[in-house]
Amino acid sequence: MEHKSDAIAVAPGGREIRGLLALGLPLIGSRVAQFAVGLTDTVMMGWYSIDGLAALTIGATVFFVLFLVGTGLTTAVTPMVASALAEGDTRQARRVTRMGLWLAVIYGALALPVMLAGTPILLLLRQEPVVAELGGAYLAIAGLGLIPALIMATLTSFLAAVEKTRAVLLVTIGVALLNVVVNYALIFGNLGMPELGILGAAVASATINLAGAIALMLYAVRAAPEYGLLQNIHRPDWPAFGQVFRLGLPIGLTWLAEVGLFGMAGVMIGWVGKVELAAHGIALQITSATFMVHLGLSQAATVRAGSAWGRRDRDALRRIAKAGFILSMGFVALTIAVFLTVPELLVGLFVDPAAPERGVVVAMGATLLACAALFQLVDAGQVMALGVLRGTQDTRVPMIIAAISYWGVGTPAAYVLGFALGFGAPGVWLGLVAGLTVAAVLLNRRLWRGLAERS
């Protein structure tokens, strides 16, 4: 009887793991394909020019910070739609999705002037003149794709909530493949196109974001006609707009705190030198690849937690949280093993074998990957906790925790370790570890205490 009872107790957890995988695998695949866009840019620019790679690293970081804040605003669509559908309220699901699209356009228009002033901003951040000039030129063109990128993110949030994630995967793969072709043509001047270097990467970025937004919009309208997403899209719905904004703003600021920490790390490493900045860009691309798995699982956890929250099913919330952590921690173990055993091989893929700086870049990148192995556990832990908390529409306190952890701890620690103690780029990355550790501890404390109180 004891064994039978144990089996019955374990079964719901197994169902949640299968449920998270069924929803999460397409989301992970789409995140990996999305990451492949940045990976393609980094690899091709690394083979084209070290100066271009350094400029792309800092320019893309600025774009990504602005993009993620906007994405945070529209990510509120996921838990709100999931909860509305659990309550059978299709109208509310339609309202919040439409206003998420409004937020995407408004925010993108407000952020565009920042990217058009990229060169002066990068100079103010004390980047080398050649890096600031090239990075600013990249932002001025790539910035035109910000609004389409945010529309695409909003539609992804909606389709995830209604569990139509396969199309997201297929569109994102198509976008990633298109990026390879356009980059190959415009960075190097192939296929009869002009050689534009980093400007070619910028044109490719704007092009694929527009293509992805159009493709997902066409699919969403056709596959989910009952929501009528484009009907009366021009009419404001201020109550729904306010709901999405109030829930999404803390999410956007939370992501700003974390991505801003990594962005500030890039700025600091730029003070060390362009070779170190190039190595930082490579190591960041590699760690971002692994993070996409945790981010996809976290998004799946948000959907399932949002549905459980709408049904007022507290037991399901606990099972979802446990299942998410089991899956994330299993992948963490694999990641750490790879980072510690073959770092030079991974970094070397990004640099032209004939480049004179190759040896220095590879050595520094391998050192940074060793630091990255330290934060895999805590990075996965904090993003999974955030995913479940967002499903329960708990976003304000996590925002405060993120601000304290990343800017009150992580950024000062990065500066002290990198410059005051003289550890350079590795010291800056150890500061990242400190910030992520504090965030993981505090967010998990809030999550599991909250779940215990609801038992």
Side-chain angles (χ1 to χ4, degrees), residues 35 38-39 42 46 53-54 56-58 60-62 64-65 68 125-127 131 255 257-292 294-295 332 335-351 357 360-383 402 405-441:
F35 154 79
L39 177 66
T42 301
L53 176 57
L56 178 71
T57 297
I58 197 69
T61 297
V62 173
F64 195 57
V65 167
L68 273 190
L125 293 174
R126 296 168 49 193
Q127 299 304 296
V131 172
W255 281 356
E258 180 178 359
V259 178
L261 170 64
F262 282 86
M264 193 62 207
V267 171
M268 291 184 190
I269 292 172
W271 300 343
V272 179
K274 64 182 180 183
V275 170
E276 288 79 5
L277 183 56
H280 166 76
I282 293 171
L284 199 57
Q285 284 295 320
I286 295 170
T287 56
S288 295
T290 62
F291 185 69
M292 292 302 103
H294 304 297
L295 196 58
V332 163
T335 300
I336 292 175
V338 172
F339 282 5
L340 293 180
T341 54
V342 289
E344 293 87 357
L345 175 63
L346 295 175
V347 177
L349 297 174
F350 291 78
V351 186
E357 305 97 333
V360 179
V361 172
V362 170
M364 178 56 67
T367 301
L368 297 182
L369 279 186
C371 298
L374 295 176
F375 70 60
Q376 290 300 298
L377 178 65
V378 290
D379 204 14
Q382 62 88 21
V383 75
S405 302
Y406 302 138
W407 289 93
V409 177
T411 301
Y415 182 82
V416 169
L417 291 169
F419 298 96
L421 298 181
F423 292 117
V428 173
W429 273 58
L430 290 174
L432 300 180
V433 175
L436 289 168
T437 299
V438 173
V441 171

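Note: hydrogens, waters and symmetry copies are ignored here, and every other heavy atom, side chains too, is used.
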Next on the checklist: Please find the pair of heavy atoms, one from Trp429 and one from Ala372, that lie closest to each other, and give the distance.
Outcome noted: CZ3-CB, 3.6 Å
Checklist outcome for this item: dist Leu277:CG -> Ile282:CD1 (nearest 0.5 Å) comes out at 10.5 Å
Item to check | Interatomic distance, Ile286 atom CD1 to Leu346 atom CG [nearest 0.5 angstrom] | outcome: 5.0 Å
Next on the checklist: Rounded at 0.5 Å granularity, tell me how far CD in Glu276 sits from CE in Met268.
Outcome noted: 15.5 Å
Next on the checklist: Please find the pair of heavy atoms, one from Leu53 and one from Gly46, that lie closest to each other, and give the distance.
Outcome noted: CD2-CA, 3.9 Å
Item to check | From Met264 atom CE to Trp407 atom CH2, the distance as rounded to the nearest 0.5 Å | outcome: 6.0 Å
Checklist entry - So how far is it from Glu258 CD to Leu436 CG, rounded to the nearest 0.5 Å? => result 6.0 Å
Next on the checklist: If I compare all heavy atoms of Ala373 with all of Leu340, which pair ends up nearest, and what's the gap?
Outcome noted: CB-CD2, 3.8 Å
Next on the checklist: Quick check: closest heavy atoms across Ala265 and Val428, and the distance to 0.1 Å?
Outcome noted: CB-CG1, 3.6 Å
Item to check | Rounded distance [0.5 Å steps], CD1 in Ile336 versus CG in Leu369 | outcome: 12.5 Å
Checklist entry - So which heavy atom on Val332 is nearest to which on His294, and how close? => result CG2-CE1, 3.6 Å
Checklist entry - Under the side-chain contact (heavy atoms from CB on, under 4.5 Å) criterion, do Leu430 and Leu374 qualify, and how do the steps go? => result CA-CA 8 Å; Leu430 290 174; Leu374 295 176; 3.8 Å; yes
Next on the checklist: I'd like to know whether Gln376 forms a side-chain contact (heavy atoms from CB on, under 4.5 Å) with Thr290, so could you lay out the CA-CA distance, the side-chain angles of the two residues, the decisive distance to 0.1 Å, and finally the verdict.
Outcome noted: CA-CA 9 Å; Gln376 290 300 298; Thr290 62; 3.2 Å; yes
Checklist entry - Which atom names give the shortest non-hydrogen contact between Ala434 and Ala413, and what distance separates them? => result CB-CB, 4.2 Å
Next on the checklist: Run the side-chain contact (heavy atoms from CB on, under 4.5 Å) test on Phe262 and Thr287 for me, step by step, so that the C-alpha distance in whole Å, both residues' side-chain angles and the decisive distance to 0.1 Å come before the verdict.
Outcome noted: CA-CA 12 Å; Phe262 282 86; Thr287 56; 5.7 Å; no
Checklist entry - Within a strict 4.5 Å, meaning less than it, do heavy atoms of the Phe291 and Val383 side chains meet? => result yes
Checklist entry - Side-chain contact, heavy-atom cut-off 4.5 Å: Phe419 with Trp271? => result yes
Next on the checklist: For Gly410, is there any backbone N or O sitting under 3.5 Å from a side-chain donor or acceptor partner on Ser405?
Outcome noted: no
Item to check | Side-chain heavy-atom pair Thr437, Val409 within 4.5 angstrom cut-off | outcome: no
